[in-house]
Amino acid sequence: IELFLVRHGQADSAGDNYDQLTATGHEQARRIGRWLAENGYTFTHFFHGGLKRQEQTLDAIREALATQGSVLPTSEIHPGLAEFDLKVWGVIAGALRHGHQQFAELLKQWNKARHENANNKGNIFKQLTGIILKEWVRQGDGFTEAESFPAFRNRVLSVLEIHNRATAMENQSRGADLKIHSSKFL
């Protein structure tokens with residue numbers, strides 16, 4: 001049994017709809033699919049977290065596999081593969097913009113870059129997100145406005161239960177093969 005965890009292709013983080021793949025993201029997913037097909041991988045299960053960009057990534061992988069004649073299972077949404085709630089970003093950003101000088105300055109830069117459609121807006125967004133995620137982890141179970149980081153971690157790790165069940169099934173029947181596509185994994 002093999003477990004494949006694939007992060008979604010590049011999303012439009014600096015655009016109007018973050019839940020869409022960019023042209024680069026679509027090409028990344030097609031390349032993964034071609035590689036899997038060229039190397040003879042077959043699949044019995046596909047799972048994703050339910051976001052459009054995750055589904056688009058899986059669709060591109062499936063298309064590439066189909067060109068090689070692969071039999072493709074249907075895909076299922078698994079809540080453990082869902083990303084964290086963006087409310088986390090908003091709540092923590094709201095608190096940090098008043099008490100964290102570096103964050104406040106980056107937020108001003110990001111707003112300006114977005115309005116000017118500057119090339120560096122994606123890079124600034126990544127820096128802001130890094131600060132937010134560090135604070136989310138630091139707060140642990142004390143973060144109660146949305147899903148805490150420990151709860152998120154446990155939810156994501158629940159995906160391994162699929163692998164454990166499949167391993168047990170394989171040990172009983174010898175021959176089951178499980179491979180998973182996901183959005184990301186910690």
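All figures in this text were calculated on a predicted structure; none of them were measured in a lab.
The shortest distance between side-chain heavy atoms of L65 and L36 falls below 4.5 Å. Side chains of H48 and S75 form a contact here, defined as non-hydrogen atoms less than 4.5 Å apart. The shortest distance between side-chain heavy atoms of Q109 and L106 falls below 4.5 Å. F43 has its side chain out of reach of L72: every pair of non-hydrogen atoms, C-beta onward, lies at least 4.5 Å apart. Counting only heavy atoms from C-beta outward, the side chains of W136 and F143 approach each other to under 4.5 Å.
By the neighbour-count criterion of 12 heavy atoms within 6.0 Å, atom CG of N39 is densely surrounded, having more than that number from other residues, nucleotides or ligands.
In terms of hydrophobic clustering, with Ile, Leu, Val, Met, Phe, Trp and Tyr side chains grouped at heavy-atom distances under 4.5 Å, L51 and F125 are assigned to different clusters.
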Exercise. Should L128 and L107 be marked as a side-chain contact (heavy atoms from CB on, under 4.5 Å) after you check the CA-CA gap, both sets of side-chain angles, and the distance that decides it?
Worked result: CA-CA 7 Å; L128 289 168; L107 189 59; 4.2 Å; yes

For this session: With side-chain contact (heavy atoms from CB on, under 4.5 Å) as the test, would you mind laying out the steps for Q139 and F149 before giving the verdict?
Result: CA-CA 8 Å; Q139 288 189 28; F149 180 76; over 6 Å; no

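Atom CD in Q127 sits 12.0 Å away from atom CD1 in I132 (nearest 0.5 Å). Here E147 contributes atom CD and N154 contributes atom CG; the two are 9.0 Å apart, rounded to the nearest 0.5 Å. Taken to the nearest 0.5 Å, the CD1 atom of I61 stands 6.5 Å off from the OG1 atom of T57. We find the CG-NE2 distance between L58 and H8 to be 13.0 Å, quoted to the nearest 0.5 Å. The CD atom of Q54 sits 7.5 Å away from atom CG of D19, with the distance rounded to the nearest 0.5 Å. The structure places CZ of R62 at 7.0 Å from CG of D59, a figure rounded to the nearest 0.5 Å.
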Sequence neighbours excluded and cut-off under 3.5 Å, please list the side-chain donor-acceptor pairs for residues 85-103, or say none.
residue, atom, partner, partner atom, Å
D85, OD1, K87, N, 2.9
K87, NZ, E145, O, 3.1
W89, NE1, T129, OG1, 3.0
H100, ND1, F103, N, 3.0

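Taking both residues in full, the closest heavy atoms of D141 and S148 are given as OD1-OG, 3.4 Å, listed atom of the first, atom of the second, then distance. Closest of all the heavy-atom pairs between F84 and F152 is N-CE1, 3.6 Å. Considering every non-hydrogen atom in both A23 and R30, the closest pair reads O-NH2, 4.4 Å. Residues R155 and P79 approach most closely at NH1-O, 2.7 Å, considering heavy atoms. Considering all non-hydrogen atoms of both residues, A64 and G33 come closest at CB-C, 3.4 Å. Residues G80 and V159 approach most closely at C-CG2, 3.8 Å, considering heavy atoms.
A cation-pi arrangement, defined by a distance under 6.0 Å to the six-membered ring centre and an angle within 45 degrees of its axis, is present between R114 and W110.
Using modelled atom types, one side-chain atom of Q28 and one backbone atom of Q10 make a donor-acceptor pair closer than 3.5 Å. In this structure, the side chain of E38 does not engage the main chain of W35 through any donor-acceptor pair within 3.5 Å.
When each of Q56, K52, R53 is tested with Q20 by the rule side-chain hydrogen bond (donor to acceptor under 3.5 Å, both in side chains), just one qualifies, namely Q56.
Remark: R7 does not engage E83 in a salt bridge, criterion side-chain N to carboxylate O under 4.0 Å.
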